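Working notes, beginning with the structure itself.
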There are 2 protein chains.
Amino acid sequence: MDGTGWRPIKRTRTFEDVLAQIERRIAEDGLTVGDRLPAERQLAEQLGVSRSSVREAMRVLETLGVVSSQVGRGPDAGAVLTSRPDSALSDLLRLHLGLASLEMREVIDTRHMIEQWAAAGAAAARADTSALAAALAGMDAAGSAEEFVEHDTAFHCALADASGNRLVAAIMRSLRDSMRRYSVEAVQRLGDTSILRSDHVRILEAVGAGDPDEAARAVSEHLAHAYPSLFTA
Amino acid sequence: MDGTGWRPIKRTRTFEDVLAQIERRIAEDGLTVGDRLPAERQLAEQLGVSRSSVREAMRVLETLGVVSSQVGRGPDAGAVLTSRPDSALSDLLRLHLGLASLEMREVIDTRHMIEQWAAAGAAAARADTSALAAALAGMDAAGSAEEFVEHDTAFHCALADASGNRLVAAIMRSLRDSMRRYSVEAVQRLGDTSILRSDHVRILEAVGAGDPDEAARAVSEHLAHAYPSLFTA
DNA sequence: GATTGGGTATGGTCTGACCATACTGTGGTC
DNA sequence: GACCACAGTATGGTCAGACCATACCCAATC
């Protein structure tokens, strides 16, 4: 069967080829968020592959948060380039936490690093604190641990947003997302949440006052209060 | 997932169902790295879906770096649970940089945050510096900008590894990976790399001496030397 | 003008087939 | 008994073709 002629050795799977082609097209054609990719059938014909392979490539791109597929017809249908790294990062962290290839302590230490950095940066830039204040108000109105954690998460994500670095903010959101359940348990274990609230007030005031060092300290002590068992200085 | 019974409208795609089932199985059966998932055909039959849907789920898991598929037969064949978040993170960053939904400045600022933290942590823990020294030696022997960057990357990744936090180390590797091309250009622009080398020596010595503050300062100044145009204090 | 209904392009799913790969077991050979 | 060649088989990878649900588009109708 072989030996009768040159048969190209297949080193990459077809869908990986498709991925490379799409990525090349994005780079060369300068495609950006909001632009549409060709339809699956069309792409399959253009690249000379089956629709299955195109679909597997689409699944990868969707997993990475760069495309979003919509059924139906019209300008909004089809595969549209997006920019949603958050859910991709969340899925990644959640699954690896589930596989025990990451430990909660590592996640919380990473949070510590990011939040200190973000708080100091936000304070130095004298960032707008209205989103922080809104989240704080939500925490006061929360009736359950779940609700409390929801608004607590909003506060910390707003802090990361205030750093002005979208990558850091995306990582922060993913970290919070992947540890949501753990946070709820931590709040329930803690019982009294008043100290967490006053910590938040202190962080907000430090950012508002433009005091990076105090903001970083406040964040650090806040995490120590929230996760006394796992926190490492 | 809510158990409200039959729902006339299908809210989740089949492959997402498969994903949830696999994730549940991982959690409930306590599967861990090295364990094998059922074969695609078998999984399809068990879950009552087509093999296509199972394959799309597999592609997602592979993209997220939690499974690795091997063809053939035997104990190593099939879908094996792994833990490779690095390539997943790299792909994610690379694609989003290509889409211009992230800017290089944000990546470098994130690196700054991580490296300061890692250097200080490694110094505080008086981590082993042999990997750092090895990378340093590699930089001296490098004949091209590409080679230099390769060993430079190894140095910085070793620093992140020395922090003892696998999540931070994985993020670091991905950051370096996604900005490899940019780093090569930066080195070529710089011309003289001796200052980068002496920066590394300074970092290594600070870590070896167990001086966290000096280590953080050394890292900070090093990044300022390497990326003078993009660095923000 | 507003409404209605068919046409159609899209992604989502399924079926069944075939290929390349790589182990497994069997049988023969030395 | 040790070794080797070869058929068997389970695996992922790919393809082709079909059908469905969705949601827009547009022409016919009221």
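If you're wondering where the values come from, they're calculated on a predicted model, not measured in any experiment. Chain identifiers are assigned alphabetically (A, B, ...) following the order of the sequence lines, protein sequences preceding nucleic acid strands; residue numbering begins at 1 within each chain.
Summarising the geometry, the separation between CD on Glu40(B) and C1' on dC14(C) is reported as 15 Å, rounded to the nearest angstrom. In this structure, the CZ atom of Arg51(A) is 14 Å from the P atom of dC15(D), given to the nearest Å. Straight-line distance from the CD atom of Gln70(B) to the P atom of dA22(C): 9 Å, rounded to whole Å. Asp76(B) has its CG atom 14 Å from the C1' atom of dA10(D), to the nearest Å. Phe15(B) places its CZ atom 11 Å from the C1' atom of dG11(C), with the value rounded to the nearest Å. Asp17(A) has its CG atom 15 Å from the C1' atom of dC15(D), to the nearest Å.
Put simply, the side chain of Arg73(B) and the base of dT9(D) share a donor and an acceptor less than 3.5 Å apart. The base of dG11(C) has none of its N or O atoms less than 3.5 Å from a complementary donor or acceptor on the side chain of Arg13(B).
Along DNA chain D, the nucleotide nearest Ser52(A) and the nucleotide nearest Gly72(A) are compared for position; the residue whose nucleotide lies closer to the 5' end is Ser52(A).
The CD1 atom of Ile114(A) sits 8.0 Å away from the OG1 atom of Thr110(B) when rounded to the nearest 0.5 Å. Rounding to the nearest 0.5 Å places CZ of Arg36(B) at 11.0 Å from CG of Leu81(B).
If you check residues 32-39 of chain B against DNA chain D, the residues with a heavy atom closer than 4.0 Å are Ala39(B), listed by number. Taking every heavy atom of residues 53-64 of chain B and every atom of DNA chain C, pairs under 4.0 Å involve Ser53(B), by number.
A ring-centre distance under 6.0 Å is found for His222(A) and His156(A).
A donor atom on one side chain and an acceptor atom on the other are found under 3.5 Å apart for Ser130(A) and Asp128(A).
A side-chain contact (heavy atoms from CB on, under 4.5 Å) with Asn165(A) is found for exactly one of Met113(B), Glu106(B), Glu103(B), Arg105(B), namely Glu106(B).
By the 4.5 Å heavy-atom criterion applied to side chains, Met179(A) and Leu97(A) are not counted as neighbours. Within the 4.5 Å cutoff, the side chain of Arg84(A) has no heavy atoms near those of the His96(B) side chain.
At a threshold of 4.0 Å, the pair Arg173(A)-Asp161(A) counts as salt-bridged, since one of the basic side-chain nitrogens sits closer than that to a carboxylate oxygen.
Nearest to the side-chain atoms of Arg41(B) among the listed nucleotides dT14(D), dG7(C), dG12(D) stands dG12(D).
Across all strands, Gly74(B) comes closer than 4.0 Å only to sugar-phosphate atoms, never to a base (heavy-atom distances).
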| Residues Ser53(B), Thr14(B); criterion side chain to side chain donor-acceptor pair (under 3.5 Å); working and verdict | CA-CA 6 Å; Ser53(B) 298; Thr14(B) 304; 4.5 Å; no
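Taking 4.0 angstrom as the limit, Thr14(B) places a side-chain polar atom (N or O) nearer than this to OP1 or OP2 of dT13(C).
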